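In each ligand, atom 1 is the first atom listed, and ligand 1 is the first ligand listed. In this text, all values refer to a predicted model and were calculated from it rather than measured experimentally.
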Amino acid sequence: MNIRYRLSIQFTLIVLSILVVLTTNIYYFSSSYRENDYYSRLRDRANTTARLYLDVKEVDESLLKIIDKNTLALNQEKIFIFNPDDEQIYSNLEDSLFNNPEVIKEVRENQIIEFHEGLREAIGFVYNFENKPYVVIASAMDIYGIDKIKNLKIILFVSLLLGLIVTVFAGLLFAGKALSPIDSVVEQVKKITITNLNLRVDEGNKKDEIAKLAITFNQMLQRLEETFIQQRDFVSNAAHELRTPFTVLITEIDYCLMQERSKEQYINTLNNLSTELRNLSLLSNGLLDLARLSFDKSGFQMNIVRIDELLLETCNEVINKNKTYKPQLNFEQLPDDESFLEFYGSAQLLKIAVKNLIENACKFSEDKTVRIALSVNQNSIILKFTDRGIGIPKEDINNIFQPFYRGNNTQFIAGYGLGLALTLKIIHLHNGNINVESEVGKGSVFSLLLPNKSNSNDFLIRV
Ligand code: ADP
């Protein structure tokens with residue numbers, strides 16, 4: 001069942017229950033008011049008759065009957081008076097006998113009772129005259145009153161039915177009106193496809209719940225669009241970067257095969273091919289790592305890792321790979337409490353990030369040297385990679401973390417512009433931060449901040 005019908009049914013049920021309570025109350029109170037009113041009129045009539053009959057000596061039975069007939073009596077009124085011995089001494093109708101001694105007994109016990117005789121309403125009470133208890137019983141039929149109540153019942157029932165019909169339609173109308181902005185959002189969302197991710201849904205008054213839904217949806221679209229653009233650029237950059245080395249390889253091989261070459265020429269060509277293929281392997285590894293981190297982060301094992309050990313291992317790996325690189329570790333500010341050196345994360349990934357920073361610093365410096373300072377504070381581990389290299393031009397500094405972006409001053413230094421993009425993703429994955437300060441011709445400082453073990457319990461994947 002859709003929300004519109006559910007809402008209107010709930011609305012109808014609420015209004016219906018209010019109407020039922022209201023009409024039942026009106027009926028109940030009107031009916032009991034009529035009954036009470038009729039009993040008090042009946043009692044007045046019976047009282048007057050008893051007073052005239054017993055108190056006023058000048059009025060005898062036949063005169064009283066004449067008075068009764070000529071005054072405003074109640075409908076089919078019957079009045080009986082009984083002496084203290086329960087003998088009937090008066091009846092306003094000829095030859096009418098009240099044959100119910102039980103009732104007389106009950107009246108004497110309770111002083112006054114109200115009861116029904118079929119459709120008739122009756123009252124009985126004790127009337128004291130000259131210290132003797134007489135019993136007066138009066139009954140009559142409130143035809144007009146009962147008719148009025150019956151009428152009221154019909155009016156209330158019809159009103160209830162009409163109210164119900166109006167409520168059903170009003171409920172459908174209001175629910176439809178309240179939900180129509182959702183329909184409009186749905187229609188707008190249907191138009192959004194992968195080719196027009198720039199479209200946004202109408203945010204209405206920007207205040208109510210539906211507007212909040214639209215705003216949240218637009219924010220999601222914004223993120224999707226950004227990710228989509230990033231992925232598209234990534235794929236086209238990757239394709240472009242891969243195409244060039246392949247073309248170089250094919251050209252080199254074709255050129256070599258055009259005629260028979262000397263042994264030296266073959267060795268030279270093979271050397272060139274080997275270098276080119278090594279670069280290609282570097283590029284494809286970088287691309288694969290980046291893609292893996294961007295699209296599937298689940299495969300990395302997270303553990304408690306000690307940063308000083310990780311730094312030592314990484315430096316050794318860098319030196320083994322490139323003997324000219326000189327990473328210099330500075331552990332002067334190590335804390336007494338070694339647990340401050342521990343963080344929760346992936347050693348495998350962190351090594352890639354640290355290796356990129358070390359290799360960049362060495363690669364972009366004439367002296368191939370990088371100083372790596374390790375320090376800690378209460379919550380974080382801080383690493384500083386300082387080099388005296390070519391530095392980064394101001395206009396590049398904000399872009400160097402983009403995939404495939406390379407500084408303007410790096411034309412003659414090998415690279416694909418993937419290392420820092422990968423490093424940033426890894427650092428973000430560890431809830432850390434990276435900051436760069438650099439001056440062209442003087443050198444660069446890359447500062448890396450990682451939350452330590454006690455601070456990384458709420459590990460979040462944010463990349
Ligand atoms: P690559 O090193 O392959 O060019 P990276 O993503 O590692 O790619 O670096 C991106 C760019 O950032 C580099 O091309 C360079 O311009 C700049 N860069 C990074 N590290 C340094 C550094 N230590 N000194 C100077 N420039 C740097």
Can you give me every donor-acceptor pair (side chain of residues 109-119, partner residue at least two apart or in another chain, under 3.5 Å) with its distance?
from, atom 1, to, atom 2, distance (Å)
N110, ND2, E106, O, 3.1

Q. When you check the side-chain N and O atoms of T269 and Q265, is any donor under 3.5 Å from an acceptor?
A. no

**Q.** Any side-chain heavy-atom pair of S365 and I390 under 4.5 Å
**A.** no

Q: Give a yes/no verdict on a cation-pi contact between R306 and F343, requiring under 6.0 Å between NZ or CZ and the six-membered ring centre and an angle within 45° of the axis.
A: no

Q. Which protein residues have a heavy atom closer than 4.0 Å to any atom of ligand 1, listed by chain and number?
A. N360, A361, K363, F364, D387, G391, I392, I400, Y405, R406, G407, T410, G415, Y416, G417, L418, G419, L420, S444, F446

Q. Ion pair present between R200 and E225, side-chain N to carboxylate O less than 4.0 angstrom?
A. yes

Q.
Between E121 and R34 (salt bridge meaning N to carboxylate O under 4.0 Å), is one present in this structure?
A. yes

